[in-house]
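Remember, it's 1-based here, ligands and their atoms both numbered in the order they're listed.
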Amino acid sequence: MRFDVLTLFPKMFEGPTTESILKRAQAANLIEIHLHNIRDYAFDKHHITDDTPAGGGGGMVMKVEPIVLAVEALNLPPKTPVILTTPQGRVFNQKVARELAQHERIAIICGRYEGVDERVRELVVTDEISIGDYVLTGGELAAMVIIDAVSRLVPGVLGARWAAEEDSHAMGLLEYPQYTRPAEFRGLKIPEVLTSGNHQAVEVWRRRESLRRTWEKRPDMLQTAQLTDEDRAFLETLKTKTDQSH
Ligand code: 6GU
């Protein structure tokens, strides 16, 4: 999987893309992250990448020319998604991450300032993505979020023991509680079932705790989660319990 990122601030990507799992994934040639400075495609004397908005008003707008030239220089294969990160885009989630992970290559243009010249959308952008309903100072953090969430879906990136699609949001539920040694800390013990050696009992407990947490913290997710009859029966017992305590 190859990511091409067009940004005015390539140094912002140091850290998130150069440490830990993404570092290892790049070393193993499972993913490639290519950073391109939009400023290198501004060919005027001062390499200007932004200008005042046509029609007046405050703030600055990213210029069309450097961005379009930077995208064209990538010589992208047809059908490569060219994503613009912007608060106006469709909202990113696990389903969008899965969809993007199907591509061999994606390009991401990091929006900045009060906006990007509309002609960038008309000429090169195929998709617009927001990472949530709040406003960031720029699209770089959003691009890093997208790269991280998509990269961990690339086979091999997480290593064999952790299939990326086995965890919480992938199944439409929140993750169950995790524990590790010591067995007791400040009077708080690891639930006995987890140290019982009974793998089937562990699986039942984990499933129930996932359901309980989702019901408590994100009940909206239960509308779309894949639930068995047993799951539904357990959720009914939770509802009955709270009804009784009210
Ligand atoms: Cl993609 N960009 C900016 N500037 N703010 C955001 C965003 C993107 N997603 C959420 N907020």
Does Ile129 come within less than 4.0 Å of ligand 1, judged by its heavy atoms? yes
Is the closest basic N to carboxylate O distance between Arg112 and Glu140 below 4.0 Å? yes
May I ask you to test the Leu173-Leu222 pair for a side-chain heavy-atom distance under 4.5 Å? yes
Between Lys11 and Glu14 (salt bridge meaning N to carboxylate O under 4.0 Å), is one present in this structure? no
Can you report which non-hydrogen protein atom sits closest to atom 4 (N) of ligand 1, along with the distance? Leu136 O, 3.2 Å
Just need the protein heavy atom nearest to atom 11 (N) of ligand 1, so name the residue and atom and give the distance. Tyr134 O, 2.6 Å
Close-contact set for ligand 1 against Thr85 heavy atoms, below 4.0 Å: 1 (Cl)
Kindly assign one of parallel, tilted or perpendicular to the pair His34 and His36, based on the angle between their ring planes and the thresholds 30° and 60°. parallel
Nearest protein heavy-atom contact for atom 1 (Cl) of ligand 1: which residue, which atom, what distance? Thr86 N, 3.1 Å
Selection from Gly89, Pro87, Gly132 by shortest heavy-atom distance to atom 10 (C) of ligand 1: Gly132
Counting both backbone and side chain atoms, is some N or O of Thr137 under 3.5 Å from an N or O of ligand 1? no
Could you establish whether Gly111 and ligand 1 come within less than 4.0 Å of each other, counting only heavy atoms on the residue side? no
Under 4.0 Å from a heavy atom of Ser130: give me the atoms of ligand 1 that qualify, with their elements. 1 (Cl), 9 (N), 10 (C)
Is there side-chain contact between Tyr176 and Arg208, with at least one heavy-atom pair below 4.5 Å? no
Any heavy atom of Ala142 under 4.0 Å from ligand 1? The part involved is side chain
Please tell me whether Asp148 and Ser151 have a donor and an acceptor in their side chains that are separated by less than 3.5 angstrom. no
Can you find an N/O atom of Val135 closer than 3.5 Å to an N/O atom of ligand 1? no
Return yes when atom CZ of Arg2 has more than 12 non-hydrogen atoms of other residues, nucleotides or ligands closer than 6.0 Å, and no otherwise. yes
Check step by step if salt bridge (charged side-chain N to carboxylate O under 4.0 Å, His left out) holds for Arg121 and Glu118. CA-CA 6 Å; Arg121 291 182 174 83; Glu118 190 62 24; 3.1 Å; yes
Taking only non-hydrogen atoms of Ile131 and a 4.0 Å limit, the atoms of ligand 1 in range are 9 (N), 10 (C)
